[in-house]
Number of protein chains: 2
Amino acid sequence: MNTNQDAQLEALGDATRRAILARLINGPLPVGELAREFPVSRPAISQHLRVLKQARLVVDRPAGNRRLYQVNPEGIDSLRQYFEQFWTQALGAFKAAAEASDHEETR
Amino acid sequence: MNTNQDAQLEALGDATRRAILARLINGPLPVGELAREFPVSRPAISQHLRVLKQARLVVDRPAGNRRLYQVNPEGIDSLRQYFEQFWTQALGAFKAAAEASDHEETR
DNA sequence: ACTTACCGTCAGTGAATACTAACCAAGACG
DNA sequence: CGTCTTGGTTAGTATTCACTGACGGTAAGT
């Protein structure tokens, strides 16, 4: 099922979302704190967090009056495994192509 | 320098480009072949290939009348390393948060 | 109960982008 | 040469998307 990873890659397509994720890697933060550190409004941060949440890249939990967001290690790991598989396939195809090219040159 | 990886993630943000890359993983293909397999026109494929090329995710070489595109293992690998680093940082932060949570519960 | 602070969501707007149609360049073949 | 095929590029359009402003809802403090 690669639908989840599609959503994850779509989420990482935006630079602001990547910056949010990179900022959240040091620890959980509330929405207002993130909005203060970025040159966009608070609703924009909320919408980006919703996208990241639907992509399972972050998780949120209520903390009294505020709401803390933090990265979801499972989501990062699934994406990492996806690239691992992709890389091995690409490397295999590249090696096969290189060997075929060698045959071309040495005949 | 993460500018290159930013471009790579931007390139992977589009579903059509991901499909093109997945199709190219089996081996090099010319532009017309790709355009025949996807429900978009040939210029659209060309533009997507240009984005993928600028992101160093694919490489192209002339083959007589046509032009063959194939995945660039180096680009895939740099992206994989990027996620590797990201994942280890996220895992570390998660462990630290879990330990802090344990201290909260056991005090 | 009232106020303040924090957050999610909706409607509307402006900008980025993906797409098609048309034109132009280069190699293969008669 | 002339023709056909293949591919890149350029307007121009349409769609998507990110952002702001306004509203409602909940929790803590006075």
Side-chain angles (χ1 to χ4, degrees), chain A residues 3-24 27-72 97 101 104, chain B residues 3-24 27-72 104:
Chain A
T3 301
N4 184 28
Q5 285 152 344
D6 280 355
Q8 290 180 340
L9 288 171
E10 297 252 351
L12 291 180
D14 184 66
T16 303
R17 281 193 288 266
R18 285 196 300 273
I20 291 176
L21 208 61
R23 182 64 186 85
L24 247 51
L29 281 178
V31 180
E33 187 92 12
L34 289 169
R36 248 173 267 123
E37 297 185 5
F38 288 95
V40 294
S41 67
R42 185 188 55 76
I45 300 289
S46 257
Q47 292 171 358
H48 284 307
L49 286 173
R50 176 168 54 180
V51 175
L52 290 172
K53 182 180 174 182
Q54 289 176 347
R56 299 185 182 279
L57 287 173
V58 300
V59 290
D60 62 334
R61 83 185 118 96
N65 196 14
R66 305 179 301 178
R67 194 165 195 89
L68 292 180
Y69 283 81
Q70 65 180 15
V71 299
N72 183 17
S101 176
E104 284 285 327
Chain B
T3 302
N4 185 26
Q5 286 154 344
D6 279 355
Q8 290 180 339
L9 288 171
E10 297 252 349
L12 291 180
D14 184 66
T16 302
R17 281 192 289 264
R18 286 197 300 273
I20 290 176
L21 208 61
R23 183 65 187 83
L24 248 52
L29 281 178
V31 181
E33 187 93 10
L34 288 170
R36 249 173 266 123
E37 297 184 5
F38 288 95
V40 293
S41 68
R42 185 187 55 77
I45 300 288
S46 258
Q47 290 171 1
H48 283 307
L49 285 173
R50 176 168 54 181
V51 174
L52 290 172
K53 182 180 174 181
Q54 288 176 347
R56 301 184 182 279
L57 287 173
V58 300
V59 290
D60 62 335
R61 83 185 118 96
N65 196 14
R66 305 179 301 179
R67 194 165 196 89
L68 293 180
Y69 283 82
Q70 65 180 13
V71 299
N72 183 16
E104 284 284 330

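Order of the sequence lines fixes the chain letters, A, B, ..., with proteins taken first and strands second; residue numbering starts at 1 for each chain. Worth knowing before you read on, the calculation uses all heavy atoms, side chains too, and leaves out hydrogens, waters and symmetry mates.
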Visitor: Indicate yes or no for a side-chain donor-acceptor contact from B:Arg17 to the backbone of B:Ala11 under 3.5 Å, with no hydrogens or angles considered.
Guide: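 Side chain of B:Arg17 to backbone of B:Ala11, a donor-acceptor pair under 3.5 Å: yes, one is there.
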Visitor: Just how far, in rounded Å, is C1' of C:dG8 from CG of A:Leu52?
Guide: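 Atom-to-atom, A:Leu52 to C:dG8, this comes out as 16 Å.
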Visitor: What nitrogen or oxygen pairs link the protein and nucleotides 13-19 of chain C at under 3.5 Å?
Guide:
{"from": "C:dA18", "atom 1": "OP2", "to": "B:Arg17", "atom 2": "NH1", "distance (Å)": "3.4"}
{"from": "C:dC19", "atom 1": "OP2", "to": "B:His48", "atom 2": "NE2", "distance (Å)": "2.3"}

Visitor: In whole angstrom, give the distance that lies between atom CZ of A:Arg61 and atom C1' of C:dG8.
Guide: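 Computing the A:Arg61:CZ to C:dG8:C1' distance gives 19 Å.
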Visitor: As a test of reading the structure: which of D:dG8, C:dC7, D:dG21 is closest to the side chain of A:Pro43, going by heavy atoms?
Guide: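 Taking heavy atoms from C-beta onward, the closest nucleotide is D:dG21.
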Visitor: When the distance from CG of B:Leu68 to P of D:dG8 is rounded to whole Å, what number comes out?
Guide: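 Between P of D:dG8 and CG of B:Leu68: 11 Å.
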Visitor: Can you tell me if B:Arg67 has over 12 outside heavy atoms packed within less than 6.0 Å of its CZ?
Guide: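 More than 12 within 6.0 Å, yes.
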Visitor: Any side-chain N or O of B:Ser46 less than 4.0 Å from the OP1 or OP2 oxygen of D:dG7?
Guide: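 The answer is no; no side-chain N or O of B:Ser46 sits under 4.0 Å from OP1 or OP2.
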Visitor: Quick one: B:Gln54 CD to D:dT9 C1', roughly how many Å, whole number?
Guide: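 Those two atoms, CD and C1', are 13 Å apart.
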Visitor: For a quick check of understanding: with a heavy-atom distance under 4.0 Å over all strands, which category does B:Arg42 fall into, base, sugar-phosphate or nothing?
Guide: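 Touches a base.
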Visitor: Base, sugar-phosphate, or nothing: which does B:Pro30 touch, judged by heavy atoms less than 4.0 Å apart?
Guide: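 Answer is sugar-phosphate: B:Pro30 comes under 4.0 Å of backbone atoms only.
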Visitor: Does the B:Gln8 side chain pair with the main chain of B:Ala55, one donor and one acceptor, at a distance under 3.5 Å?
Guide: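 Side chain of B:Gln8 to backbone of B:Ala55: a pair is present.
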Visitor: Tell me which one of B:His48, B:Lys53, B:Gln47 satisfies side-chain contact (heavy atoms from CB on, under 4.5 Å) with B:Arg50.
Guide: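 Checked B:His48, B:Lys53, B:Gln47 against B:Arg50; only one passes side-chain contact (heavy atoms from CB on, under 4.5 Å): B:Gln47.
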Visitor: Go through D:dG7, C:dT9, D:dT26 for me and flag the one nearest to the B:Arg66 side chain.
Guide: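 From the listed options, D:dG7 comes nearest.
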Visitor: What is the separation between atom CZ on A:Arg67 and atom P on C:dT9, rounded to the nearest whole Å?
Guide: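 Taking CZ of A:Arg67 and P of C:dT9, I get 9 Å after rounding.
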Visitor: Nearest-Å distance, CZ (A:Phe38) to C1' (D:dC19)?
Guide: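 Atom CZ in A:Phe38 sits about 15 Å away from atom C1' in D:dC19.
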Visitor: For A:Arg18 and A:Leu12, indicate whether the former's side chain and the latter's backbone hold a donor-acceptor pair under 3.5 Å.
Guide: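 Checked: pair present.
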Visitor: So, applying side-chain contact (heavy atoms from CB on, under 4.5 Å) with B:Val58, which one of B:Leu21, B:Asn72, B:Val51, B:Ile20 is it?
Guide: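 Exactly one pass, corresponding to B:Leu21.
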Visitor: Give a yes/no answer on whether the side chain of B:Tyr69 brings an N or O atom under 4.0 Å of OP1 or OP2 in D:dG8.
Guide: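 Looking at the OP1 and OP2 atoms of D:dG8, one of them is under 4.0 Å from a side-chain N or O of B:Tyr69.
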Visitor: Checking side chain to side chain contact (heavy atoms under 4.5 Å, CB included) for the pair A:Arg23/A:Glu33: CA distance, chi angles, key distance, verdict?
Guide: CA-CA 11 Å; A:Arg23 182 64 186 85; A:Glu33 187 92 12; 5.5 Å; no
Visitor: Send over the distance from A:Asn65 CG to C:dG8 C1', rounded to a whole Å.
Guide: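 Value for this atom pair: 13 Å.
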Visitor: Check whether any side-chain N or O of A:Arg50 sits under 4.0 Å from OP1 or OP2 of C:dT9, and answer yes or no.
Guide: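 A:Arg50 to C:dT9 OP1/OP2: side-chain N or O found under 4.0 Å.
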